[in-house]
Amino acid sequence: MLPLVLLLLLGQSQALAITSGHCQKNISVKYQVPLTRTRLVNNASEQYIVYEERVRWDTVRMCCPGYRTIIFGFCEPICTEACPAHSYCVEPNKCHCMRGYEPSHHPNKQHQLICRPICQGGCPEHSHCIGHNECECRPGFKDVSSWFSMTLSCERIQCGHDQRYDLQRRACIKIEMSMEELMQRVAERLAKGLERDEGEPTTEEPLEESKD
């Protein structure tokens with residue numbers, strides 16, 4: 001009996017049987033058992049009941065370290081750092097890309113996982129993959145494919161005179177020249193004006209004599 005108790009005590013503090021995120025742990029439960037005793041009162045025997053405390057060992061099911069309990073008693077792994085977009089926490093502190101995405105690494109942080117979408121067969125010219133089998137025209141290009149076409153067709157956006165396409169705003173905006181560019185533009189126009197004046201012959205009109 002003593003070796004069994006020692007084994008149970010050891011199991012209470014250390015032994016954890018891991019099964020699909022669940023662990024089994026031995027815990028001690030105290031309970032009372034009624035016992036009949038006999039005593040002598042006035043030279044007569046009398047029975048009475050006493051309650052004796054005892055300990056039993058139960059096995060409880062719980063989430064393992066690194067997991068937390070969610071609805072219906074299921075265990076969910078815990079990732080200390082949030083998983084990147086299009087991924088989920090599959091094991092404690094381990095993320096896995098969703099279906100349709102492939103694992104890659106951040107160009108500046110090689111230890112950081114990123115999940116890139118997969119487009120079977122690639123995307124057409126001037127477009128890129130933004131989701132699983134979903135292509136989109138790159139900034140500065142627009143979709144010119146017909147409504148009944150199954151293939152994406154991208155064409156460069158043409159802005160009006162003195163306009164340029166702003167990638168951040170994703171719209172055509174008026175070109176705002178700096179002071180240096182403005183002075184250069186004025187100097188070019190002045191130079192063209194002087195060249196035109198030099199090329200034209202100049203005629204001087206005679207001055208009329210004033211009559212007193």
Flag if over 12 foreign heavy atoms under 6.0 Å of CD, Q32: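 More than 12 heavy atoms, drawn from other residues, nucleotides or ligands, come within 6.0 Å of this atom.
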
Atom CD1 of I70 with >12 non-hydrogen neighbours under 6.0 angstrom: yes

Does a side-chain heavy-atom distance below 4.5 Å link [X] with [Y]?
{"X": "R56", "Y": "Y31", "value": "yes"}
{"X": "D143", "Y": "L152", "value": "yes"}
{"X": "K142", "Y": "V144", "value": "yes"}

Donor-acceptor pairs under 3.5 Å, side chain of residues 83-103 to any protein atom, not counting sequence neighbours: which ones?
unit_1 : atom_1 : unit_2 : atom_2 : d
H86    : ND1    : Y101   : OH     : 3.4
S87    : OG     : P84    : O      : 2.6
N93    : OD1    : T80    : N      : 2.7
N93    : OD1    : T80    : OG1    : 2.9
E102   : OE2    : R116   : NH2    : 3.2

Roughly how far, to the nearest 0.5 Å, is [atom2] of [Y] from [atom1] of [X]?
{"X": "D58", "Y": "I27", "atom1": "CG", "atom2": "CD1", "result": "6.0 Å"}
{"X": "T69", "Y": "F74", "atom1": "OG1", "atom2": "CZ", "result": "12.0 Å"}
{"X": "Q112", "Y": "S104", "atom1": "CD", "atom2": "OG", "result": "11.0 Å"}
{"X": "C75", "Y": "Y67", "atom1": "SG", "atom2": "OH", "result": "8.5 Å"}
{"X": "I78", "Y": "E76", "atom1": "CD1", "atom2": "CD", "result": "8.0 Å"}

Working for disulfide (SG to SG under 2.5 Å), residues C172 and C159: CA-CA 6 Å; C172 292; C159 295; 2.1 Å; yes

Ignoring hydrogens and angles, write down the donor-acceptor pairs under 3.5 Å from the side chains of residues 117-139, residues two or more places apart or on other chains.
unit_1 : atom_1 : unit_2 : atom_2 : d
S127   : OG     : P124   : O      : 2.6
H132   : ND1    : I118   : O      : 3.2
N133   : OD1    : Q120   : N      : 2.9

For Y48 against V50, the heavy-atom pair lying closest together: CE1-CG1, 3.2 Å

Determine all donor-acceptor pairs shorter than 3.5 Å in which one atom belongs to a side chain in residues 33-44; sequence neighbours excluded.
unit_1 : atom_1 : unit_2 : atom_2 : d
R39    : NE     : E46    : OE1    : 3.0
R39    : NH2    : E46    : OE1    : 3.2

